[in-house]
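What's counted below: heavy atoms across the whole structure, side chains too, no hydrogens, waters or symmetry copies. First the proteins, then the strands, lettered A, B, ... as listed; each starts at 1.
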There are 2 protein chains.
Amino acid sequence: MTQKPSAKPRKTASTAAGARKAGRGPARTDMAGIAAVDGGADVEQRIYQSVFDGVLNQRLPPGTKLPEPALCSLFGVSRAVVRKVLQRLEHDRIVELRPNRGAVVAAPTPEETRKIFEARRALEAALVELAVQRHSGKDIEELHALLHQEEEAMANAYQPAWAQTARNFHLRVAALGGNPILLAYLTELISRCSLIVALYEPAGNAACEHEEHCDIVDAISKGDAKRAVAAMNAHLVGLEERICLERPSSVKTLAQMLNLA
Amino acid sequence: MTQKPSAKPRKTASTAAGARKAGRGPARTDMAGIAAVDGGADVEQRIYQSVFDGVLNQRLPPGTKLPEPALCSLFGVSRAVVRKVLQRLEHDRIVELRPNRGAVVAAPTPEETRKIFEARRALEAALVELAVQRHSGKDIEELHALLHQEEEAMANAYQPAWAQTARNFHLRVAALGGNPILLAYLTELISRCSLIVALYEPAGNAACEHEEHCDIVDAISKGDAKRAVAAMNAHLVGLEERICLERPSSVKTLAQMLNLA
DNA sequence: GATCATAAAATCGTCGACGATTTGAAGAAA
DNA sequence: TTTCTTCAAATCGTCGACGATTTTATGATC
């Protein structure tokens, strides 16, 4: 019944992961359906991704408690590994770790939201400027392919899929900048933005966003740094405004405020 | 003999911290004299700071192994807490954590160095621009006070103290930007830069740097965003160039390459 | 003497356990 | 009924231990 650190077939899956699936229901919003398909892949990353996806898909609203024992039995690991994942989630601002009081899903305030978008504008502006300098013809082709994917996702009208493609677009543009450090920071910020967007109800203006994405690609392909930066900034400002306007205290937000306690 | 999580007087200090000070000397560079004054303060932060300072002061050259058992006995804590600190140090790129092979002090490559400075230019440019918009008269006074501290540190000609004041200056300017997120990112980058500067020998051009700092403050105080950004950029480019030029394979660097293995 | 195989030591990853803190509820007093 | 006290359950922080991996030392072979 011992544990092996590497990627090998382990018996822990039969021990706990399949033990309880969705049996309990203790009144408040808890985390049912977090555990994914339970493949034999890297446990640590699987836990992280499960929580992350749960937050992004509203299954884990802000303020939801994430007790270590629950995660342990859900994923069939000891508290050591759960604890490590929680620490990483805290550093990425997905959860908040209160000393002696456990982890809860982070609840960004309006003030934080503003700062996040401000930081994102600064980073993406710098990165598109670099992208204009360093992009190649093949890069533009790939961006056009991404834009095409966006159109497909829009046609399907399935919000999570659209959000995913939009995220991909921004990350790909940023990758053209060729700076892994700035890219890592931006990845973090985009995650937090996605969290916020998911929180404040999906703003359905996909068509509008897609247009702006096209603008950005066009400016990059023409080597017009000034216009590329301006387009990116306008896009992000618009995104923030749409988010801020689209939350006149909806029903779901009220419930979230309640269990925030 | 149990452990208390809060800040209380504990007997561990007598158990291990005073056990070995600088007794051993196992051939290679190891970490003698890491443990600081051993105050009763927060253990976690103390370990972090000790390693950080050790790296900054060349006592822990890149590639130095940091075995968990050694740190445990040095600070009188169990591996759990040491492990947590190491994970944080890894995230801040101070150490590298190789699976099953332990932690070593990070050794930034020239390529990484370039990217770090590029990222830092992007962040500081954005932040000074914000600083120009948001600064008040009192802020300028405080900056002038910092500049005065720099002059004193220069007069003393004690490199670590000077580096500290220079770091402070940049962080204070960044703080004027009023964006905690960007400030946190920049803090991380400045730490890495300090590490690199310490690695590639202290470049003694303090007077030159100080002049440029004064330029930046002047531009901010006059509300000239364009010039402030330009001055900051020029300052950072100069800093990078001086670093890159000042390492024609010094004796110390060669030794570092050896124990890097 | 150098190279390779083997064994011992050191070190890492994970686990279960213990005490301490917090949380939640039951019961007494106003 | 409301509020406060007391107590039990849940949860967190830290520790020591065990197996697995890596590293180092030892000895055999060419």
Engineer: Between B:F75 (CZ) and D:dT14 (P), how many Å, whole number?
Structural biologist: 15 Å

Engineer: Does the pair A:R134 and B:E118 meet the rule for a salt bridge (charged side-chain N to carboxylate O under 4.0 Å, His left out), with working shown?
Structural biologist: CA-CA 14 Å; A:R134 295 175 182 169; B:E118 184 176 271; 2.5 Å; yes

Engineer: Using a 6.0 Å cut-off, check whether atom CZ of A:R93 has over 12 heavy atoms from anything other than its own residue.
Structural biologist: no

Engineer: Can you measure B:D42 atom CG to D:dT14 atom P for me and round it to whole angstrom units?
Structural biologist: 9 Å

Engineer: So A:H91 and B:H91, would you call those rings parallel, tilted or perpendicular, with 30° and 60° as cut-offs?
Structural biologist: tilted

Engineer: Between atom CD in A:E44 and atom P in C:dC15, what is the gap in whole Å?
Structural biologist: 11 Å

Engineer: Grab the CD-P distance between B:Q87 and D:dG13 for me, whole Å please.
Structural biologist: 14 Å

Engineer: Between CD of A:Q45 and OH of A:Y48, what distance do you get to the nearest 0.5 Å?
Structural biologist: 7.5 Å

Engineer: Using atom names, set out every protein N or O paired with an N or O of nucleotides 10-12 of chain D below 3.5 Å, distance rounded to 0.1 Å.
Structural biologist:
residue: D:dC12; atom: OP2; partner: A:E68; partner atom: N; Å: 3.2
residue: D:dC12; atom: O3'; partner: A:N100; partner atom: N; Å: 3.4

Engineer: Please check this pair: side chain of A:R120 against backbone of A:L189, looking for a donor-acceptor N/O pair closer than 3.5 Å.
Structural biologist: no

Engineer: Check step by step if salt bridge (charged side-chain N to carboxylate O under 4.0 Å, His left out) holds for B:E240 and B:R114.
Structural biologist: CA-CA 8 Å; B:E240 182 179 2; B:R114 230 172 315 156; 5.5 Å; no

